[in-house]
Q: 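Here's a structure for you.
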Amino acid sequence: MIALMYLDGRIPTIELSGVEKRFATPSGDVEALRGVDLRIDSGEIFGIIGKSGAGKSTLARCINLLERPTAGRVTVAGRDLTALGPSALREARREIGMVFQHFNLLSSRTASRNVALPLELAGWRPAQIAARVSEILAFVDLLGQRDRYPAQLSGGQKQRVGIARALASHPSVLLCDEATSALDPQTTASILALLKRINREFGLTILVITHEMGVVSSLCDRIAVIEDGLVVEQGPVAELFARPQSATTRDFVTALEGMGDVTRTLRVAR
Amino acid sequence: MSHELFALLAESFEQTLVMVGVALAISTAAGIPLGVILHATAPRQLLPNAAIYRILGTVVNATRSTPFIILMVALIPLTRVIVGTSIGTPAAIVPLTIAATPFIARIVEAALRDVDQGLVEAAQAMGATPLQIVAKVLLPEALPAVVAGLTLAAVAMIGYSAMAGAVGGGGLGDLAIRYGYERFRVDVMAATVAILIALVQFVQSGGDILVRRIRHA
Ligand SMILES: Nc1ncnc2c1ncn2[C@@H]1O[C@H](COP(=O)(O)OP(=O)(O)OP(=O)(O)O)[C@@H](O)[C@H]1O
Ligand SMILES: [Mg+2]
């Protein structure tokens, strides 16, 4: 790890260099990412914002190689994922938890067995699995719902199961792609608070992808703004909002001002 | 109803149960892996393989498009090899199984295809192997649809088994033809039809109840 430290003393956990992703479609190629360079440091909450179709999800999926970049390099915790074979890649993915907009819980499994899934896949022993599942369900305050099926849970509870599942195998990185977009404002706030707590207590690096300004303003340390497959600006939240350079950022700030939120954000950031 | 008639009905009923039960068991055991392979090798699925997908698909379609009565006759040489004779209940099991297997394979394939792709992605993000995805995600999630499909297959096979009876396979169909049709025994005909209706009802409601119990959506 020492070797990977930068001069500023921060340790990069996720590094993208020159990441491109081109989709071949019947109606021609789509350039979803056009050379993205990004460095996310260990222990920070990093936000990626952009409009619909900008390439946010593609970027997230390129980090755990659900989508293999057409060009460029993806390094997570010092490992170049793009260079790994299938089996080493599966191993490396256990370092990266992923939380989804639509939860993606198995309807055939109860809350606790959903959380157990990644541990079963990793070949843990039943006793170890049971202990870890109880521990992590207690952390997300779902012990009382452990035997319920997803159909019997509220949206917020489902997302907490999703988060517990993503945390189960002790990852060092959490990818959240629109994790709160299917939830009402109150539930969103509670999920954001949970993510913050995870970041604080476990020191997890969290990448938050969203088109909701409120999410980045209340949660993120730094953000990158993505426009048409390119990172157009990045930096600490307060800086970007105070002096927006790109059209996308200006639009987002305007939207936030509409919500009377930007002053609060700037105050909190100072 | 005479004692003799009752004995005849009981024996035929048992033959039908054996024919359908054994054929259903074997064709399910063969149809599930076949359905999994069809699904997994399809374009953009877990292990895309155009050659395997196309060859298996063609065999499955060919079998499914052959009318059962023709399949039964065409399979007589094979049946002789497998059970040593081409008449009787054990012999009827062979064409019944071969007709049902591709049907079940397609049911399983369709059920797996209907599983939310997001679940497969979630498992991949956790580092699941293709085999783990099949065993821990696809099959459990598709189970209610598979059971509903197997119920459908069982009902269809009860119908086919009656056809198999017509060419000496035993069972209720055989009884209906030998007594009801050839000897004008309306009471036998009515009794077989009643038993078949009850059997189909029983299978269908049993399947429905099972599906309801395993579906948690
Ligand atoms: N599998 C795919 N095949 C073809 N094109 C794709 C595919 N996935 C994404 N794209 C295209 O790539 C571009 C970026 O998509 P992406 O899903 O990353 O956007 P996004 O920023 O996440 O948008 P949203 O906010 O709506 O979720 C879009 O033009 C989209 O149509
Ligand atoms: Mg998206």
Side-chain angles (χ1 to χ4, degrees), chain A residues 24 57 60-61 63-68 81 84 86-111 113-123 147-153 161-162 165-169 171 173-177 182, chain B residues 32 35-36 39-50 107-108 110-151 207-217:
Chain A
S57 296
R61 295 157 52 78
I63 290 173
N64 58 7
L65 255 61
L66 280 182
E67 218 66 85
R68 188 169 278 277
L81 299 191
L84 299 180
S87 144
L89 175 60
R90 283 194 290 267
E91 195 65 43
R93 279 175 174 164
R94 298 196 181 125
E95 276 290 303
I96 310 168
M98 196 167 194
V99 181
F100 303 87
Q101 176 175 4
H102 299 293
F103 324 123
N104 293 350
L105 302 178
L106 302 201
S107 66
S108 56
R109 286 179 174 238
T110 59
R113 295 204 52 240
N114 263 289
V115 177
L117 180 63
L119 308 178
E120 287 173 25
L121 296 174
D147 294 324
R148 295 221 198 140
Y149 287 91
Q152 305 163 311
L153 296 172
V161 175
R165 179 179 69 178
L167 291 178
S169 58
V173 173
L174 203 57
L175 302 178
C176 306
D177 187 2
Chain B
I32 289 178
V36 169
H39 173 73
T41 57
R44 285 182 301 282
Q45 292 299 340
L46 289 175
L47 300 164
N49 187 316
I107 284 170
V108 171
L112 297 179
R113 195 172 46 226
D114 277 349
V115 173
D116 183 356
Q117 183 62 23
L119 301 183
V120 175
E121 284 203 351
Q124 278 169 336
M126 293 171 209
T129 64
L131 205 62
Q132 284 177 321
I133 292 174
V134 169
K136 296 207 176 256
V137 178
L138 291 180
L139 285 176
E141 286 292 307
L143 190 63
V146 168
V147 171
L150 288 179
T151 308
D208 290 347
I209 289 170
L210 198 58
V211 169
R212 230 173 297 130
R213 287 188 59 171
I214 56 179
R215 195 195 301 274
H216 299 287

Q: Counting heavy-atom pairs closer than 4.5 Å to chain A, which one of B/V115, B/L119, B/V120, B/D116 comes out on top?
A: B/L119
Q: Given heavy-atom pairs under 4.5 angstrom as the criterion, report whether the side chain, backbone, both or neither of A/L105 touches chain B.
A: backbone
Q: Donor-acceptor check, side chain of B/N49 to backbone of B/T41, threshold 3.5 angstrom: yes or no?
A: no
Q: Judged by atom type as modelled, is there a donor-acceptor pair below 3.5 Å linking the side chain of A/R93 to the main-chain atoms of A/N64?
A: yes
Q: For B/L47, I'd like to know if atom CG has over 12 heavy atoms of other residues, nucleotides or ligands within 6.0 Å.
A: yes
Q: Most heavy-atom pairs under 4.5 angstrom with chain A, which of B/G127, B/P144, B/A128?
A: B/G127
Q: Given A/S107, which of B/R215, B/H216, B/E141 fulfils the side chain to side chain donor-acceptor pair (under 3.5 Å) condition?
A: B/E141
Q: Most heavy-atom pairs under 4.5 angstrom with chain B, which of A/A122, A/G162, A/A151, A/S108?
A: A/S108
Q: Verify, without hydrogens or angle tests, whether A/D177 (side chain) and A/S57 (backbone) share a donor-acceptor contact under 3.5 angstrom.
A: no
Q: Between A/I96 and chain B, which part of the residue has a heavy atom less than 4.5 Å away: side chain, backbone, both or neither?
A: backbone
Q: Which one wins on heavy-atom pair count under 4.5 Å against chain B: A/R109, A/Q152, A/E95, A/M98?
A: A/R109
